[in-house]
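Structure first, then comments.
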Amino acid sequence: MTDIEELLLSRIRDVEDYPEPGVMFKDITPLLADPAAFTALTDALAEIAGRTGATKVIGLEARGFILGAPVAVRAGLGFIPVRKAGKLPGATLRQTYDLEYGSAEIEVHAEDLSAGDRVLVVDDVLATGGTAEASLQLIRRAGAEVAGVAVLMELGFLDGRARLEPALKGAPLEAVLTV
C-alpha cells in the first residue's frame with residue numbers, strides 16, 4: 001500500500017447501518033477536513049485528468065462536486081456539475097437510469113459540453129455504476145468525448161466496474177482506492 005493510500009484510508013470513517021440497516025457507509029468528511037489528505041487526493045485526481053487528456057471535469061452530485069471542482073482548478077480545466085433532475089435552470093440534457101428499486105434522472109446544461117471536449121467524470125465512490133454510466137451517456141449525447149472516470153474509491157464487491165466498462169468504450173476507469 002502506498003503512502004497516499006494509507007493516508008486516505010486513515011481519513012475515511014466507516015458508519016454502520018447508514019443510511020439503512022446492513023449498509024456500511026464510507027464517510028469522507030474526515031478526509032475533506034484534513035488539508036493534507038484533501039490536497040493529496042486532489043493532486044492524485046488532477047494527475048489522472050492530465051493523463052487522460054481531459055479538457056473538462058464533470059462532478060456528479062453531490063460529493064463529486066466537492067472533489068471535481070478542486071481537481072478542475074488544479075488541472076487548469078473547466079468544471080461542469082451534473083445534477084439531479086430539476087436543479088439546473090435553462091436548457092438541459094437529461095438521462096434516466098435504473099436504481100436497485102426504481103429509477104432516477106440526472107441532467108447537465110446542454111451548452112456546457114461541445115464536440116471538442118474530452119470529459120473526465122469525477123466522483124467519490126464507484127458503487128453499482130448506474131450514475132456514472134448515465135453521465136457517460138449524457139457526455140456523448142452532448143457530442144463530447146469521454147476521457148474517463150476517476151473516483152476516490154471503488155467498492156469492488158458491488159461490481160460497478162463490470163457494469164461501467166461497456167459504457168466506457170475503452171476509456172479508463174481509475175480508482176485511487178479499491179475497498
**Request:** Might you work through the side chain to side chain contact (heavy atoms under 4.5 Å, CB included) test for Leu152 and Ile12, ending with a clear yes or no?
**Result:** CA-CA 11 Å; Leu152 163 58; Ile12 297 171; 4.2 Å; yes
**Within residues 138-148 or reaching into it, pairs that qualify as salt bridge (Lys or Arg N to Asp or Glu O under 4.0 Å) - sequence neighbours excluded** = Arg118-Glu145
**Item:** Polar contact flag, side-chain donor to acceptor under 3.5 angstrom, Ser103-Tyr97
**Value:** no
**Asked** Among Leu88, Ile106, Thr92, which residue meets the side-chain contact (heavy atoms from CB on, under 4.5 Å) test with Arg83?
**Response** Leu88
**Prompt:** When you check the gap from the basic side-chain N to the acidic O, do Lys84 and Glu105 get nearer than 4.0 Å?
**Reply:** no
**Asked** Can you tell if the side chain of Leu168 reaches within under 4.5 Å of the side chain of Leu136, non-hydrogen atoms only?
**Response** yes
**N/O donor-acceptor pair under 3.5 Å between Glu5 side chain and Thr2 backbone** = yes
**Asked** How about Asp3: does its CG atom have over 12 heavy atoms from other parts shown lying under 6.0 Å from it?
**Response** no
**Request:** Show your working on side chain to side chain contact (heavy atoms under 4.5 Å, CB included) between Leu113 and Val119 and close with a plain yes or no.
**Result:** CA-CA 9 Å; Leu113 293 171; Val119 184; 3.6 Å; yes
**Message:** Is any side-chain heavy atom of Ile80 closer than 4.5 Å to one of Lys56?
**Reply:** yes
**Candidate pair Leu31 and Leu8, rule side chain to side chain contact (heavy atoms under 4.5 Å, CB included), full reasoning** = CA-CA 7 Å; Leu31 186 157; Leu8 298 177; 3.6 Å; yes
**Asked** Are Arg63 and Asp123 within salt-bridge range, i.e. N to O under 4.0 Å?
**Response** no
Could you list the donor-acceptor pairs under 3.5 angstrom formed between side-chain atoms of residues 169-177 and any protein atom two or more places apart in sequence or on another chain?
residue, atom, partner, partner atom, Å
Glu174, OE1, Arg51, NH2, 2.2
Glu174, OE2, Arg51, NH2, 2.6

**Atom OH of Tyr18: over 12 foreign heavy atoms under 6.0 Å** = no
